[in-house]
Asker: 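Just dropping this structure here.
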Amino acid sequence: MGSQDQGPLYEGMVVRVHGGHYYVRSRENVFDCQMRGRMKKSWAESDLVAIGDRVRWSLAEDGSGVIEEVLPRKSALSRCPPPPRRPMEQVIVANPDQVLVVFSVRNPPPNPLMLDRYLVACEAAKLPVILIANKMDLCEEVEDREVIALYQRIGYDVLPTSAVTGEGIEGLRELLRGKLSVFTGPSGVGKSSLLNALWPGLDLEVGEVSEYHDRGRHTTVVARLLHPEPDIDVADTPGLRQFRFWDIDPEQLEAFFPEMRPYLGACRFTPCTHMHEPECAVREAVERGDIHPIRYESYAKMFEYEF
Ligand code: GDP
Ligand code: ZN
């Protein structure tokens, strides 16, 4: 039905979503597309088409594009939008290969709870995650390196960088090569500066660290897919400040802390929340120093407040 007036179908990837327009990249060109009317209905009340989505689209006579079909996703990084929006899955990036979470060793200092939230979300989505420790040029004391060691001990890859001295910049480029990566992290840690250091032509706006406290702005996630080299796609997510989980139950949380996994099932009570039960193998491991207290604190805070 109606397919007789539809021309050939092209495949492409959504690189930007803005006010009902979907910018689709096909063979290195970007086309301004709209959703086919009947699709709009089936996707109603949701923004379930995200950057990174692969779509089939056709070219209308006036030169505009029409998205006919969104292809199944192989992965997604999602969140639950903050109130007043009602709880639903909000896909930030579709089909990412990996997530790079940037923090700074100083100014602002690392916020482990915030980092752990990203890490848990990636574990839940089964997405490989790499931590980028930026502003290494500001490193002074051994304490500044402690956070790096903490995450390395758990088994996470951490790449030290500095947008100022250039440390780690080429390593970062190699991490990004051949993949679609989400580049995220709190505000003010130097994400734009790192991308500018890699590709000066991007000329991204660099903010002051004080903007970190400006909470009124960017209430929606404005994400876009940068394509600075033929085999590099980077999803830049400047609006992603509040990160609430989507589709994680408190009982699952323990499994998303890799260093807790060896102790699961060894507690006296099953199930055990690892919050207050006696003879809890997880809390015993914390007391012995086998699980870092900072990570346990993140677990406890998430367990109590995030669900
Ligand atoms: P974003 O919010 O994560 O994109 O952070 P920006 O790139 O806007 O940087 C925030 C502030 O940190 C700016 O004042 C930058 O000049 C500064 N900055 C970024 N990277 C570095 C770095 O590696 N070392 C130092 N010392 N400052 C940096
Ligand atoms: Zn326990």
Side-chain angles (χ1 to χ4, degrees), residues 99-111 114-115 118 131-140 144-145 148 158-172 182-200 202-215 217-218 221-224 226 234-243 250-255 257 259-288 290-291 295-296 299-300 302-304:
V99 179
L100 272 52
V101 181
V102 187
F103 68 97
S104 51
V105 287
R106 272 187 179 227
N107 192 27
N111 176 342
M114 198 167 201
L115 287 180
Y118 285 109
L131 292 170
I132 309 296
N134 192 37
K135 307 201 189 184
M136 287 302 288
D137 56 291
L138 301 181
C139 242
E140 281 171 20
D144 292 335
R145 294 172 196 272
I148 298 177
V158 186
L159 178 72
T161 59
S162 166
V164 169
T165 66
E167 175 181 356
I169 294 295
E170 286 314 309
L172 180 56
V182 181
F183 201 67
T184 189
S187 204
V189 298
K191 296 182 296 298
S192 308
S193 303
L194 286 170
L195 295 175
N196 282 338
L198 281 166
W199 302 289
L202 287 178
D203 200 20
L204 299 173
E205 193 186 329
V206 170
E208 292 305 313
V209 174
S210 58
E211 267 184 37
Y212 181 61
H213 301 287
D214 178 8
R215 290 196 162 266
R217 302 170 63 220
H218 300 309
V221 183
V222 237
R224 66 208 151 136
L226 306 170
V234 182
D236 180 29
T237 58
L240 188 61
R241 292 192 177 184
Q242 285 172 302
F243 195 90
E251 308 83 62
Q252 294 178 297
L253 194 57
E254 55 181 24
F257 283 75
E259 74 273 47
M260 289 188 184
R261 285 178 201 146
Y263 306 101
L264 303 182
C267 304
R268 180 172 156 196
F269 291 92
T270 41
C272 180
T273 66
H274 322 303
M275 296 291 284
H276 47 71
E277 296 89 338
E279 291 173 53
C280 165
V282 168
R283 280 189 300 130
E284 283 167 6
V286 177
E287 272 154 40
R288 278 198 312 275
D290 293 337
I291 291 175
R295 289 276 290 173
Y296 177 73
Y299 169 85
M302 288 181 203
F303 191 90
E304 278 195 290

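Note that these values count all heavy atoms, side chains included, but never hydrogens, waters or copies made by symmetry. Positions are given from 1 along the sequence. Note that ligands are numbered from 1 as they come in the structure, with each ligand's atoms numbered from 1 the same way. Source: prediction; values computed, not measured.
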Asker: Would you say Tyr263 and Ile291 make side-chain contact, with heavy atoms under 4.5 Å?
Answerer: yes
Asker: Please work out whether any backbone atom (N, CA, C, O) or any side-chain heavy atom from C-beta onward of Asn134 is under 4.0 Å from ligand 1, and answer side chain, backbone, both or neither.
Answerer: side chain
Asker: Excluding sequence neighbours, so at least two apart, what forms side chain to side chain contact (heavy atoms under 4.5 Å, CB included) with Glu170?
Answerer: Arg173
Asker: Which ligand 1 atoms does Leu138 reach within 4.0 Å, using its non-hydrogen atoms?
Answerer: 26 (N)
Asker: Give the numbers and elements of all ligand 1 atoms closer than 4.0 Å to a heavy atom of Val189.
Answerer: 3 (O), 5 (O)
Asker: Any heavy-atom pair between the side chains of Ile148 and Met136 that's under 4.5 Å?
Answerer: yes
Asker: Measure from atom 25 (C) of ligand 1 to every heavy atom in Val102, Asn196, Val164, Asn107 and give the option owning the shortest one.
Answerer: Val164
Asker: What protein N/O/S atoms are there under 2.8 Å from the Zn ion (ligand 2), waters excluded?
Answerer: Cys267 SG, Cys272 SG, His274 ND1, Cys280 SG
Asker: Compute whether any side-chain donor of one residue and acceptor of the other, for Thr161 and Asn134, lie under 3.5 angstrom apart.
Answerer: yes
Asker: Per the salt bridge (Lys or Arg N to Asp or Glu O under 4.0 Å) rule, what does the pair list look like for residues 269-287, sequence neighbours excluded?
Answerer: Arg268-Glu279
Asker: Which ligand 1 atoms are under 4.0 Å away from a heavy-atom of Ser187?
Answerer: 2 (O)
Asker: Can you sort out which atoms of ligand 1 are near Ser193, meaning under 4.0 Å from one of its heavy atoms?
Answerer: 6 (P), 7 (O), 9 (O), 15 (C), 19 (C), 20 (N)
Asker: Counting each atom of ligand 1 from 1 as listed, which ones have a heavy atom of Asp137 under 4.0 Å away?
Answerer: 22 (C), 23 (O), 24 (N), 25 (C), 26 (N)
Asker: Find out whether Pro278 and Phe269 are in side-chain contact, i.e. whether some heavy atom of one side chain is under 4.5 Å from a heavy atom of the other.
Answerer: yes
Asker: With respect to Gly190, determine whether any N or O atom, backbone or side chain, lies less than 3.5 Å from an N or O atom of ligand 1.
Answerer: yes
Asker: Got a sec, which residues hit ring pair (Phe, Tyr, Trp, His ring centres under 6.0 Å) with Phe257, two or more places apart in sequence or on another chain?
Answerer: Tyr299
Asker: With heavy-atom distances below 4.5 Å as the criterion, would you say the side chains of Phe183 and Leu172 are in contact?
Answerer: yes
Asker: Heavy atoms, side chains only, cut-off 4.5 Å: are Thr273 and Phe303 in contact?
Answerer: yes
Asker: Are the side chains of Val282 and Leu264 in contact, using a 4.5 Å heavy-atom criterion?
Answerer: yes
Asker: Pick whichever of Lys135, Lys191, Met136 has a heavy atom sitting closest to atom 12 (O) of ligand 1.
Answerer: Lys135
Asker: For Gly188, is at least one N or O under 3.5 Å away from an N or O on ligand 1?
Answerer: yes
Asker: State whether the side chain of Lys135 and the backbone N or O of Phe103 hold a donor-acceptor pair below 3.5 Å, judged by distance alone.
Answerer: no
Asker: Can you sort out which atoms of ligand 1 are near Ala163, meaning under 4.0 Å from one of its heavy atoms?
Answerer: 20 (N), 22 (C), 23 (O)
